[in-house]
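As C-alpha cells, the structure follows; a few thoughts come after it.
One-based numbering along the sequence shown.
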Amino acid sequence: MKKTIITVVGKDSVGIIAKVCTYLADNGLNILDISQTIVDGFFNMMMIVDFTGAEKEFSEVSAELEQLGGGIGCVIRLQREEIFDKMHRI
C-alpha cells in the first residue's frame, strides 16, 4: 500500500469535502482516514489516502488537486507518507 497525505486549508465554504472526495473517488484513490475541523471560519482537513489504485501519476494528481483547491478557495497539498514522516520527525 502506498499511503499519501493530503492537506486542505482555506476559508470554510459549502462543498469542500464533497469536491475533494469526489475527485479522489473518480481517480481510484481510497480514503483510509480523514480528520477535519473549522476554527474561526477556517477549514482544515487532513486525509490519509491509499494511492495504490491511482489511475494517474502522483505529479498529475498533485497538480489537479492544487488546481481544484484554487477553484474552491483552498490550498491542497499532496505528500508521500515517507516524506511526510521524515519532515515531521524531530
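The CD atom of Gln67 sits 11.5 Å away from the OG atom of Ser62 when rounded to the nearest 0.5 Å. Interatomic distance, Leu32 CG to Ile5 CD1, rounded to the nearest 0.5 Å: 9.0 Å. Thr22 OG1 to Asn27 CG: the interatomic distance, rounded to the nearest 0.5 Å, is 11.0 Å. Rounded to the nearest 0.5 Å, atoms CD1 (Ile76) and CG (Leu68) are 4.5 Å apart.
Heavy-atom minimum distance, Cys21 versus Met47: SG-CE, 3.9 Å. What you find for Lys11 and Ile16 is that their closest heavy atoms are O-CD1, 3.8 Å. A pairwise comparison of heavy atoms in Phe58 and Arg80 identifies CB-NH2, 3.3 Å as the closest pair. Of all non-hydrogen atoms in Gly10 and Cys74, the two that sit nearest each other are CA-SG, 4.0 Å. Residues Thr4 and Gln79 approach most closely at CG2-O, 3.3 Å, considering heavy atoms. When all heavy atoms are compared, the tightest approach of Leu65 to Tyr23 is CD2-CD2, 3.4 Å.
The environment of Glu57 atom CD is sparse: at most 12 non-hydrogen atoms of other residues, nucleotides or ligands sit within 6.0 angstrom.
With hydrophobic clusters built from ILVMFWY side chains whose heavy atoms lie under 4.5 angstrom apart, Val75 does not share a cluster with Val8. Val49 and Ile72 fall within a single hydrophobic cluster, where Ile, Leu, Val, Met, Phe, Trp and Tyr side chains are chained together by heavy-atom contacts under 4.5 Å.
Although no hydrogens or angles enter the test, the distance criterion places a donor-acceptor pair under 3.5 Å between the side chain of Thr52 and the main chain of Lys2.
Taking 4.5 Å as the limit, every side-chain heavy atom of Val9 sits out of range of all side-chain heavy atoms of Phe42.
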*Would you check, one step at a time, whether the test side chain to side chain contact (heavy atoms under 4.5 Å, CB included) holds for Leu24 with Ile6?*
CA-CA 11 Å; Leu24 297 175; Ile6 298 174; 3.7 Å; yes

*Please assess Asp50 against Leu29 for the test side chain to side chain contact (heavy atoms under 4.5 Å, CB included), listing each intermediate value before the final yes or no.*
CA-CA 6 Å; Asp50 181 3; Leu29 301 166; over 6 Å; no

*Given the rule in the side chain to side chain contact (heavy atoms under 4.5 Å, CB included) test, do Met46 and Gln36 qualify, once you have shown the distances and angles that lead to the verdict?*
CA-CA 6 Å; Met46 181 174 164; Gln36 67 92 27; over 6 Å; no

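Cation-pi check for Lys3 over Phe51 is not met; the charged atom does not lie both under 6.0 angstrom from the ring centroid and within 45 degrees of its normal.
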